[in-house]
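Throughout, a chain's letter reflects where its sequence line sits, starting with A, and its residues are numbered from 1.
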Amino acid sequence: MNKGKTFTRRTMLKGTAIAGAAMAAPTVFTRGAWAQDFRNDPGDSSTVTLGFNVPQTGPYAEEGKDELRAYQLAVKHLNGEGDGGLLNTMKPLSLKGNGILGKKVEYVTGDTQTKSDAARASAKRMIERDGVVMVTGGSSSGVAVAVQSLCQEMGVIFMAGLTHANDTTGKDRRRYGFRHFFNAHMSAAALGPVLEAEMGKERRSYMLTADYNWGWSVEGSMTEVTEKIGWETVNQVRTPLGAGDFSQYITPVLDSGADVLVLIHYGKDMVDSLTQAVQFGLRDKQVNGKDFQVVVPLYSRLMAQGAGKNVAGIYGSTNWHWSLQDEGTQAFVKSFGQEYGFPPSQAAHTCYVQALLYANAVEATGTFYPVEVIKFLEGFEFDGMGNGPTLYRAEDHQCFKPVLVVKGNENPTSQFDLLEVVNEVPTEQITYPHDLYAGDLGPYEV
Amino acid sequence: MDALLLQLLNGLDKGAAYALIALGLTLVFGTLGVVNFAHGALFMLGAFVAVSVNELLTFSKRVKDESVTFFDAYKEQPYLEIWLGDFGSAIIDWSVPIAILAAIPIMLLIGLAMERGLIRHFYKRSHAEQILVTFGLAIVIGEIVKATFGANPIPQSAPEIVSGAAPVGALFGLSEALVYPWWRLVYLFSSLAIIGGVFAFLQFTTYGMVVRAGMADRETVGLLGINIERRFTIVFGIAAIVAGVAGVMYTPILPPDYNLGMNFLVLSFVVVVVGGMGSLPGAVAAGFLLGVVQSFASMGAVKEIVPGIDQIIIYLIAVAILLTRPRGLLGRKGVME
């Protein structure tokens with residue numbers, strides 16, 4: 001036997017130690033120096049991928065489709081195609097219309113199915129398989145909260161689309177999650193004075209609530225505000241999401257002695273329940289000597305379109321509406337309208353703005369490193385995006401800007417003129433302390 | 001009192017849908033001995049006959065919308081309105097009743113094709129295999145509809161004349177406030193008429209008598225020289241029509257999507273089991289019973305005592321009835337045992 005060539009335990013151990021040291025060496029020397037070893041770093045690639053995770057099926061599918069249209073338009077504008085949209089009006093602006101940091105923007109899409117587990121699976125796939133640097137989308141607070149915490153765990157920024165529950169930037173706020181859309185608290189604060197002026201102090205309300213975090217949130221905020229005016233809450237009934245036929249929940253309203261129905265449904269559910277409420281004659285009813293009223297705290301043009309003439313005269317609130325006259329709104333509506341032949345919904349608007357805000361933050365900081373991007377967005381003040389001066393509050397990642405109180409238009413002048421803006425409620429009136437809904441953002445580094 | 005009456009009407013409405021589907025299921029089971037899991041798909045296909053008829057009637061031309069100045073907007077103007085004016089609009093308004101007429105021959109053809117093309121090959125197989133093949137068929141039909149019409153519900157509206165609420169209270173000398181949507185009343189009474197029609201057909205016609213005889217003793221009827229198989233095929237076609245027409249009429253109440261059949265199928269099986277396998281009156285009675293119970297369970301006062309009861313009440317009742325009457329309400333000895 002040739003002793004010299006025997007592979008002993010000792011040489012084996014030495015070899016392992018050297019190999020181990022060699023493998024560890026690059027990170028030992030570079031990790032601290034660059035501090036930018038982050039997930040899905042596009043590096044030298046000439047493209048960067050964003051993940052658009054929207055409901056393409058389920059009760060919020062119509063909103064989801066419009067969100068996707070907005071994202072596709074945003075990608076066009078970021079890459080310097082089309083008329084540039086809000087890139088022409090946004091202030092301050094770092095974007096140059098040549099992609100993000102010179103990289104062409106590409107995207108992948110996913111279907112959340114309006115279900116938290118499907119949304120998480122879809123977001124995870126985007127992050128792990130498609131290598132996206134940012135996930136964005138909606139439209140359900142259940143989904144937003146679930147995806148937001150996944151993104152926090154995985155160290156990828158989540159720019160929430162349409163999500164209206166207080167939880168998203170309240171108890172479930174996350175360092176990696178940002179919300180441009182308004183929330184239930186702001187809706188109630190904006191609606192309160194208008195409801196008091198239009199319907200008086202003595203009303204009895206009946207609430208039908210979508211049974212998940214968004215519904216509970218709006219129910220809580222609306223109850224607080226209406227009871228402060230002097231209204232009495234007759235009943236609060238929770239209904240399953242996507243029930244389709246709400247008639248068995250509407251019939252008890254007729255005989256409850258209530259004279260206001262607060263319909264805390266969204267998307268297709270709202271179209272179904274409002275249509276059924278009107279079929280049951282609620283709008284023509286007189287109770288306690290007053291006209292029966294319906295309030296839809298979160299309104300949208302898409303829903304108004306679905307419910308047709310049933311929305312006439314019904315009050316609610318929105319984050320934004322295409323008929324606003326400011327420069328940003330007009331630029332966006334023109335751009336979106338030319339592309340698709342109809343005006344954008346509020347869901348489309350918030351999603352488009354979120355995509356631009358993320359891209360702008362990356363461009364301004366000069367890196368895709370999420371920690372730097374987060375620090376830039378925290379406390380960021382901007383204008384020219386359709387809502388007037390807006391602040392991204394650092395403490396809870398919630399945007400603060402005026403809120404619109406709207407009413408179903410009784411005399412529409414065009415097929416899209418379905419909602420009439422009754423009041424543009426100033427930011428001061430809807431602002432609340434960041435610790436009103438206690439939550440913890442979590443760490444920057446994950 | 002008014003609330004209870006409304007809830008009762010509402011429950012009868014829901015029950016009518018369950019009863020119509022369960023009736024067809026029981027007919028097929030009683031005659032052909034097949035547990036047809038594709039029966040819900042027939043209800044859904046009926047609903048999509050309504051969608052197709054509506055799309056056909058509203059086939060549109062794109063015209064520029066001058067009222068929008070921000071950008072180039074377009075409106076869809078149906079050709080029927082362009083050619084026939086108000087009469088065209090009226091035809092479109094009546095698309096659901098027109099779809100009911102269209103659904104009768106279409107559903108008959110679909111039913112016959114389904115029975116002759118697939119299901120008859122499985123008569124001699126075990127129930128498990130029949131369930132597998134019909135369930136598979138239901139999935140295939142659902143996916144075809146999804147691929148053709150998309151995954152989202154497509155709302156249909158009842159004719160303008162029956163789209164409002166009927167002053168039920170005033171009609172019966174009760175409270176003025178008591179109203180109920182016209183279309184739901186139309187739906188309820190039409191369902192009762194269809195159920196009555198099916199029973200009358202079986203009870204008072206020679207054809208029906210032979211079918212009933214075949215249900216009781218297939219072999220003897222065959223020995224008498226009657227082609228009972230052909231009659232049973234027709235019965236399958238009738239069951240398909242009943243499910244399809246129920247589907248069409250349900251569209252103004254609930255916008256249909258490809259999954260509609262599955263949602264109703266599960267409930268309908270519960271209805272059949274509660275009513276008693278193979279018993280037609282049992283299926284109808286259980287359909288209405290469960291509809292009404294589900295409706296009452298959704299009342300605020302009830303939900304306050306047991307939260308979420310509206311979601312599970314039907315299954316609770318099924319458990320209770322099967323524990324006390326294992327053959328179901330009107331089930332006979334020797335059927336499916």
pair A:Val54-A:Asp111: side-chain heavy atoms closer than 4.5 Å | no
Heavy-atom pair count under 4.5 Å with chain A, highest-scoring of B:Ala165, B:Ala166, B:Ser298 | B:Ser298
Among B:Arg184, B:Met299, B:Gln294, B:Lys75, which residue forms the greatest number of heavy-atom pairs with chain A at distances under 4.5 Å?
-> B:Arg184
Got a salt bridge between [X] and [Y], using NZ or NE/NH1/NH2 to carboxylate O under 4.0 Å?
{"X": "A:Glu339", "Y": "A:Arg69", "result": "no"}
{"X": "B:Glu76", "Y": "B:Lys61", "result": "no"}
{"X": "A:Asp259", "Y": "A:Arg203", "result": "yes"}

Highest number of heavy-atom pairs under 4.5 Å with chain B: which of [options]?
{"options": "A:Lys285, A:Lys334, A:Gln279, A:Gln56", "value": "A:Gln279"}
{"options": "A:Asp211, A:Val287, A:Leu254", "value": "A:Leu254"}
{"options": "A:Asp417, A:Asn235, A:Val333", "value": "A:Val333"}

Need one label for [X]: side chain, backbone, both or neither, based on atoms under 4.5 Å from any heavy atom in chain A.
{"X": "B:Ile253", "result": "both"}
{"X": "B:Pro256", "result": "neither"}
{"X": "B:Asp257", "result": "neither"}

Region of [X] in contact with chain B, defined by heavy-atom distances below 4.5 Å:
{"X": "A:Gln330", "answer": "both"}
{"X": "A:Asp245", "answer": "both"}
{"X": "A:Phe342", "answer": "backbone"}
{"X": "A:Ser247", "answer": "both"}

Examine A:Tyr352 together with A:His77 and report whether their ring centres are nearer than 6.0 Å.
-> yes
Angle class for the B:Phe264/B:Phe43 ring planes (parallel below 30°, perpendicular above 60°, tilted otherwise)?
-> tilted
Could you tell me the separation between the CG atom of B:Leu188 and the CZ atom of B:Phe288, rounded to the nearest 0.5 Å?
-> 6.5 Å
Is it the case that A:Asp269 and A:Tyr60 place a side-chain donor and acceptor less than 3.5 Å from each other?
-> no
